[in-house]
Amino acid sequence: MKVYQTNEIKNISLLGSKGSGKTTLAEAMLFECGVIKRRGTIEAKNTVSDYFPVEKEYGYSVFSTVFYAEFLGKKLNVIDCPGADDFVGNAVTALNVTDTGVIVIDAQYGVEVGTQNIFRTTAKLRKPVIFAINQLDGEKADYDNAIHQMREIFGPKVVPIQYPLACGPGFNAMVDVLLMKKYSWGPDGGVPTIEEIPEEEKEKAQELHQQLVEAAAENDETLMEKFFDQGHLTEDEMREGIRKGLVDRSIYPVFCVSALKDMGVRRMMEFLGNVVPFVEDMPAPVDTKGEEVKPDSNGPLSIFMFKTTVEPHIGEVQYFKVMSGTLNAGADLENVSRGSKERLAQIYCVCGQIKTPVDKLCAGDIGATVKLKDVRTGNTLDEKGCDIQFDFIKYPAPKFQRAVRPVNEADSEKLSGILNRMHAEDPTWIVEQSKELKQTILKGQGEFHLRTLKWRVENNDKLPIIFEEPKIPYRETITKAARADYRHKKQSGGAGQFGEVHLIIEPYSEDAPLPDTYRFGNQEYKMNIRDTQEIPLAWGGKLVVHNCIVGGAIDARFIPAIVKGLMDRMEQGPLTGSYARDVRVCVYDGKMHPVDSNEISFRLAARNAFSEAFRNANPKVLEPVYDVEVTAPDEAMGDIMSDLPSRRGIIMGSESENGFQTIQAKVPLKEMASYSTDLSSLTGGRASFTMKFASYELVPGDVQDKLLKEYAAKQTEE
């Protein structure tokens, strides 16, 4: 195939809510460009996009699919992204390596929560947006309502390029107000009949045309002056104005399509080929040093690996974008992210699972390669002497988690390898080996997200696994001062063990004054601090140890052992076995034996003295609390507002905007275990949420009592 230069390449993301028809639209686009001879369907499981077994099984997109089309002398690289909110990581990746987002809207449902979420991502990344109102042939299609919603939510920048003459099953014609022509189709779609606009539509078409001309002229002073002088612009001038408006997000053009019947698709593609920005029109990406890297084919060679898949009979397929320079097949590059060397023996242009070998790809182009030795998603590969590295993709935080284990414990290592491989394919699947919880924790964007992974492990890798609700990483702390002492003495022939430790513990806070005097009962204890150790804890908070021993009661050489004993109990708290935090300890006295005292004796004595004091210091269990933000349509608010308090959530506030509400709440992690599924059930899948760790807070008394009983019962069993 032809080698396309940077000024001939356009990179586009196909986005939208689940069910909006992106996969069907992708088929129609490929058909119109002659890439495929026959359009596949989701029902027949033969589409270019959804070709993985799990996608065919479930009937929805799980992975983004890269394809290209040669159209109007240009190369359009398109990434078709899954619509389900659970697979949002694919859309985030795609938008970071493409230059324009086409957001598909179902004319039957208008703007959905998923539409809003993806639009926010385009805004954050400053990417141009084009809207395609699809399924205008649907039973409930309502173009006017969709446009009304879009303008309410996205503002006056929403500007129709086309409008349908009728919606519903009879949809077969529309007016294009950029070209000022009527397009109509036969029952099978395809090539349209282009005619003059009917007399009864001319007034409406002229009004929308004028709005489009004004929107185009606003983006260029020369065009604005010409518009004021002449009252109109030529078609080429309008295209130039729209292109500039797309780059600075001052215009969101709207197209009409029926992807299923292939109506309006070719006209939209003409706009993509003629008007949307080229790679070089967009702001240059920034490397890890904060320097812009322009897509210059003559510059130093640097490619960014943005996606990994594992395909049958091939293995790992690595997708990349040429950020700078020109990549030739057989190039030897350095993986600057991992310090290894790689040879790209073959490079391909990709259309779903079809891979076409090519000799070279220029800056801005997207391709794939196979059989690399040591490359991960997010790595940068450079030619020798080039020092460019990228790290610009930021994924959303996970909001659903499960503990995972194989049915057969002997398969644990095998499962670990599979999960790491899947994380490489989708970085929003996060695997954590929790030493604290003694579980493998799998985190993702929702129940749907993790269920898909489970299907793949069990069906593709033939490894049965079990999902369980993960344990909660509770914390233990104290609320008052307490004193204890403990003597460890053991004699079993020969040298024995002897160590005695006296200590006082109290809650630690950053602004607390140094300890001076404590009183317990009728006895007063005066502290004489000799030295202090502040130990920041990996799980949050601190342990502060003051050595207040006078008179040589305990040799200084045993102090490290005492600190180790204290840390033993900080790592396994006396109440529930959870990590303890924010404790200050004064070791003020003790005894030792000239022969039998050793490090283990003082470690055990400190551990037991600490446990006793901890239980007497009005101990409390803390639980992780998360900031939760829920976005849903107005009509779902009552159910959501009732549900959150039932999860011990505290409503912090809410905001209303254009028919949608956003609620902010603080909710304990324990109560969020099934929230992804429950929220979907509560709102018919029309709501989304995010969650972010906020703080550790005291659990209610009844919850603490339950946790203590459960831990005591477990200890008895063991």
Side-chain angles (χ1 to χ4, degrees), residues 23 42 45-66 81-82 84 86-90 93 305-319 338 350 352-355 368-379 395 398-434 437-470 676-677:
T23 298
I42 293 170
K45 302 181 180 181
N46 61 350
T47 56
V48 170
S49 287
D50 296 349
Y51 63 91
F52 281 93
V54 68
E55 296 175 310
K56 293 180 179 181
E57 172 71 19
Y58 285 148
Y60 58 76
S61 299
V62 169
F63 303 104
S64 59
T65 302
V66 178
C81 302
D86 284 30
F87 303 103
V88 66
N90 290 271
T93 298
M305 317 303 290
F306 68 86
K307 172 179 163 68
T308 304
T309 63
V310 178
E311 300 188 14
H313 314 300
I314 298 177
E316 282 195 356
V317 179
Q318 300 277 358
Y319 293 80
R338 300 176 67 83
V350 180
Q353 58 187 327
I354 301 168
K355 296 166 183 64
T369 189
V370 297
K371 303 188 187 314
L372 298 184
K373 295 181 298 183
D374 185 32
V375 171
R376 303 288 182 270
T377 300
N379 288 176
Y395 293 104
K399 50 193 179 186
F400 188 84
Q401 58 183 13
R402 282 290 178 266
V404 59
R405 60 182 175 87
V407 170
N408 185 346
E409 288 299 322
D411 291 326
S412 295
E413 190 172 331
K414 181 180 178 183
L415 176 60
S416 178
I418 292 169
L419 295 178
N420 288 332
R421 186 193 76 212
M422 290 192 170
H423 169 71
E425 293 181 57
D426 181 351
T428 59
W429 277 324
I430 298 173
V431 185
E432 176 187 318
Q433 301 292 342
S434 176
L437 304 179
K438 298 180 177 63
Q439 291 179 312
T440 299
I441 306 298
L442 184 60
K443 301 179 181 180
Q445 294 299 306
E447 188 268 341
F448 203 19
H449 196 205
L450 296 197
R451 181 153 49 88
T452 301
L453 180 145
K454 187 174 190 289
W455 188 95
R456 294 183 64 208
V457 173
E458 295 187 332
N459 289 273
N460 296 350
D461 296 287
K462 310 301 180 187
L463 180 64
I465 59 175
I466 295 171
F467 275 177
E468 299 170 323
E469 191 170 315
S676 173
T677 308

Measure the shortest side-chain to side-chain distance between T452 and D86 over non-hydrogen atoms and say whether it is less than 4.5 angstrom.
-> no

Enter the distance from Q401:CD to E469:CD here, rounded to the nearest 0.5 Å.
-> 9.5 Å

Distance-only check: which donor-acceptor pairs under 3.5 Å involve side-chain atoms of residues 421-432, not counting sequence neighbours?
residue	atom	partner	partner atom	Å
R421	NH1	D461	OD1	3.3
R421	NH2	D461	OD1	3.4
R421	NH2	D461	OD2	3.0
H423	ND1	W429	O	2.6
E425	OE1	R456	NH2	3.1
E425	OE2	R456	NH2	3.4
D426	OD1	T428	N	3.0
D426	OD1	T428	OG1	2.5
D426	OD2	T428	OG1	3.3
D426	OD2	H449	NE2	2.9
W429	NE1	H449	O	3.3
W429	NE1	H449	NE2	3.1
E432	OE1	K443	NZ	3.0

Can you sort out the partners of S61 under side chain to side chain contact (heavy atoms under 4.5 Å, CB included), two or more places apart, ordered by chain and number?
-> T23, D50, E55, P82

F63 meets the ring pair (Phe, Tyr, Trp, His ring centres under 6.0 Å) criterion, sequence neighbours left out, with F52

The salt bridge (charged side-chain N to carboxylate O under 4.0 Å, His left out) partners of R402 (sequence neighbours excluded) come to none

Just wondering, do M305 and L372 contact through their side chains at under 4.5 Å, heavy atoms?
-> yes

Considering the options N408, V457, V407, which one meets the side-chain contact (heavy atoms from CB on, under 4.5 Å) requirement together with L463?
-> V457

For side chain to side chain contact (heavy atoms under 4.5 Å, CB included), just list the numbers for T440 and R405, CA-CA rounded to whole Å, side-chain angles, deciding distance to a tenth of an Å, and then say yes or no.
-> CA-CA 7 Å; T440 299; R405 60 182 175 87; over 6 Å; no

T93 (side chain) donor-acceptor with G89 (main chain) under 3.5 angstrom = yes

Sorted by chain and number, sequence neighbours left out, salt bridge (charged side-chain N to carboxylate O under 4.0 Å, His left out) with E413 holds for none

Work out which heavy atom in A368 is nearest to a heavy atom in V317; give both atom names and the distance.
-> CB-CG1, 4.1 Å

Contacts of type side-chain hydrogen bond (donor to acceptor under 3.5 Å, both in side chains), residue R376, not counting sequence neighbours | none

Kindly give the heavy-atom pair with the smallest separation between G352 and V350, and that separation in Å.
-> O-CG1, 3.1 Å

Indicate yes or no: at least one non-hydrogen side-chain atom of I418 is less than 4.5 angstrom from one of K414.
-> yes

With sequence neighbours excluded, residues passing side-chain hydrogen bond (donor to acceptor under 3.5 Å, both in side chains) with T308 = Q318, T377

Could you tell me which residues satisfy side-chain hydrogen bond (donor to acceptor under 3.5 Å, both in side chains) with E447, sequence neighbours excluded, listed by chain and number?
-> R451

Contact summary for F400 and S676, nearest pair of heavy atoms = CD1-CB, 3.8 Å

With sequence neighbours excluded, residues passing side chain to side chain contact (heavy atoms under 4.5 Å, CB included) with K371 | none

What's the spacing between L442 CG and L450 CG if we round to 0.5 Å?
-> 5.0 Å

Would you please name every residue forming a salt bridge (charged side-chain N to carboxylate O under 4.0 Å, His left out) with E316, sequence neighbours left out?
-> none

Who pairs with N379 by side-chain hydrogen bond (donor to acceptor under 3.5 Å, both in side chains), at least two apart in sequence or on another chain?
-> N335

N90 to S64 - nearest heavy-atom pair and separation | OD1-N, 3.1 Å

Roughly how far, to the nearest 0.5 Å, is OH of Y319 from OG1 of T309?
-> 4.0 Å

Salt bridge (charged side-chain N to carboxylate O under 4.0 Å, His left out) partners of K399, counting only residues at least two apart | D85

